[in-house]
There are 2 protein chains.
Amino acid sequence: MRLSKRGEYGLRAMIMLATQAETGAPMPMLQIKDMSQREKIPAKFLEQILLTLKNAGMLHSKMGVGGGYYLSRAPEQITLGQIVRALDGPLAPVNCVSQMAYEPCGCPDEATCGLRMVMGDVRNAISNVLDRTSLAEVTSRVDAVKTSINKP
Amino acid sequence: MRLSKRGEYGLRAMIMLATQAETGAPMPMLQIKDMSQREKIPAKFLEQILLTLKNAGMLHSKMGVGGGYYLSRAPEQITLGQIVRALDGPLAPVNCVSQMAYEPCGCPDEATCGLRMVMGDVRNAISNVLDRTSLAEVTSRVDAVKTSINKP
DNA sequence: ATAAAGTCTATAGTCGTAATAGACTTTTAT
DNA sequence: ATAAAAGTCTATTACGACTATAGACTTTAT
């Protein structure tokens, strides 16, 4: 049940951008170079990932000197499920229970397939986390931990 | 968040064996050939999978004419989580939240890593399904559907 | 004009998955 | 005793996806 590196790096980048957005900075933008250095992500790989996310409509960018990437919507409006799906495809463990990429799996009868029932549960369990968690919720959880450490 | 073919085939085989066990047949055994034909699984691949499961202690086998595989414990005592872990490794999407295969992921500080918090939730969500579902529960769900179809 | 930054496409390398092969061992039936 | 049926074990291949790198191009600020 692995998350790919592409998915991991993409999530890290989006979380960084959301954190930046919530600082209230006038232009909450980050550059590839910044992000790749902070989290030790290969820059050229990250570039592709951000491009994918941009083409999926989650990021905007500014070219040229002083450019960078920023979220195209408020952090509340972007879920982790959207990010993972854009980068890694369906959340479902098997295609026959996928909402976005259904395919029959070849078992004699889907209605009475035990595997399919359980994998449907797994898909829902994953979706209940990733589709209900927004970038804003992530940053606020991080903030909560950080302040509880500073004021014990 | 894919389940590998190995995992899928292994689960299918174990569910077949559990179904067989619950028929009350005197010797609830199935042969590789039977299982591979029923669910269109490449026989030689299934062979490897069953061997892995046997070495993990979930199956016993009988060699020679009239041999085959059978569950080493009651279907109630075997969870899907055990099967998936034996075949595909940890359930966790990233190693830094894995119970059975923890590894640091290289983020600056694990305690305040937003990705890690969420992936921990995902791991728990998956585990809450797979570790709490036994083969017996799968077969009884299948039976429930089958009888509700016959008596509408 | 130049340097900084994102865009885009192609391609290489690597690794895990899926599958196949084949020689060996055990057991049953005749 | 022997042959056929079945599981055991290890090696190896084939393939594709994932990861990463390269390089030429475009846009923008100073």
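For clarity, every value in this text was computed on a predicted model and none was experimentally measured. Letters go in sequence order (proteins before strands), and every chain restarts at 1. Keep in mind that the numbers below use all heavy atoms, side chains included, and drop hydrogens, waters and symmetry copies.
Residue order along DNA chain D, read from the 5' end via each residue's closest nucleotide, puts B:G67 first among B:G67 and A:A43. Each of A:K62 and B:F45 has a nearest nucleotide on DNA chain C; the 5'-most of these lies closest to A:K62.
A side chain to side chain contact (heavy atoms under 4.5 Å, CB included) with B:V84 is found for exactly one of B:T79, B:L11, B:I126, B:D131, namely B:L11.
Distance A:Q48 CD to D:dA17 P: 16 Å, rounded to the nearest Å. Atom OH in B:Y70 sits about 12 Å away from atom C1' in D:dG7, given to the nearest Å. In this structure, CZ of A:R2 is placed 11 Å from P of D:dT19, rounded to the nearest angstrom. Between A:K5 atom NZ and D:dT21 atom C1' there is a gap of 17 Å when expressed in whole angstrom units. Per the geometry, CG belonging to A:L46 stands 17 Å off C1' belonging to D:dA22, to the nearest Å. Computed from coordinates, the A:M29 CE to C:dA4 P distance equals 16 Å when rounded to whole Å. When the P atom of C:dT9 is taken as reference, atom CG of A:L51 falls 9 Å away, rounded to whole Å. Nucleotide C:dA19 holds its C1' atom 15 Å from the CG atom of B:L50, rounded to whole Å.
Considering only side-chain N and O atoms, B:Y69 lies under 4.0 angstrom from the phosphate OP1 or OP2 of D:dT8. Put simply, A:S61 has a side-chain N or O that comes within less than 4.0 Å of OP1 or OP2 on C:dT7. Applying the 4.0 Å criterion to OP1 and OP2 of C:dA18, one finds that B:S4 has a side-chain N or O inside that range. Using a 4.0 Å cut-off, no side-chain N or O of B:K44 falls inside it from OP1 or OP2 of C:dA18. Within the structure, a side-chain polar atom (N or O) of B:Y9 is placed less than 4.0 Å from OP1 or OP2 of C:dA19. Remark: A:K33 is in phosphate contact with C:dA5, judged by side-chain N or O atoms under 4.0 Å from OP1 or OP2.
Taking the side chain of B:V65 as heavy atoms from C-beta on, and the options C:dT27, C:dA4, C:dT7, the nearest nucleotide is C:dT27. Checking C:dT20, D:dG23, D:dT21 against the side-chain heavy atoms of A:E47 singles out D:dG23 as nearest. Among the nucleotides D:dG7, D:dA29, C:dT20, the one closest to the side chain of B:Q31 is D:dG7.
Under the 4.5 Å side-chain criterion, counting only non-hydrogen atoms from C-beta, A:V145 is in contact with B:M117. Considering only heavy atoms from C-beta on, A:D88 comes within 4.5 Å of A:L3 through its side chain.
Among the atoms of the strands shown, only primed sugar atoms or phosphate atoms (P, OP1, OP2) are found under 4.0 Å from some heavy atom of B:R6. Within 4.0 Å (heavy atoms only), A:I32 reaches sugar-phosphate atoms of the nucleic acid but no base atom.
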- Item | From CA spacing to verdict: side-chain hydrogen bond (donor to acceptor under 3.5 Å, both in side chains), A:T139, A:E22 | CA-CA 8 Å; A:T139 57; A:E22 301 206 329; 2.8 Å; yes
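Residues A:Q20 and A:T23 have side chains that never bring a donor and an acceptor to within less than 3.5 angstrom of each other.
Criterion: ILVMFWY side-chain heavy atoms under 4.5 Å apart, direct or through other members. Under it, B:V129 and B:V97 are part of a common hydrophobic cluster.
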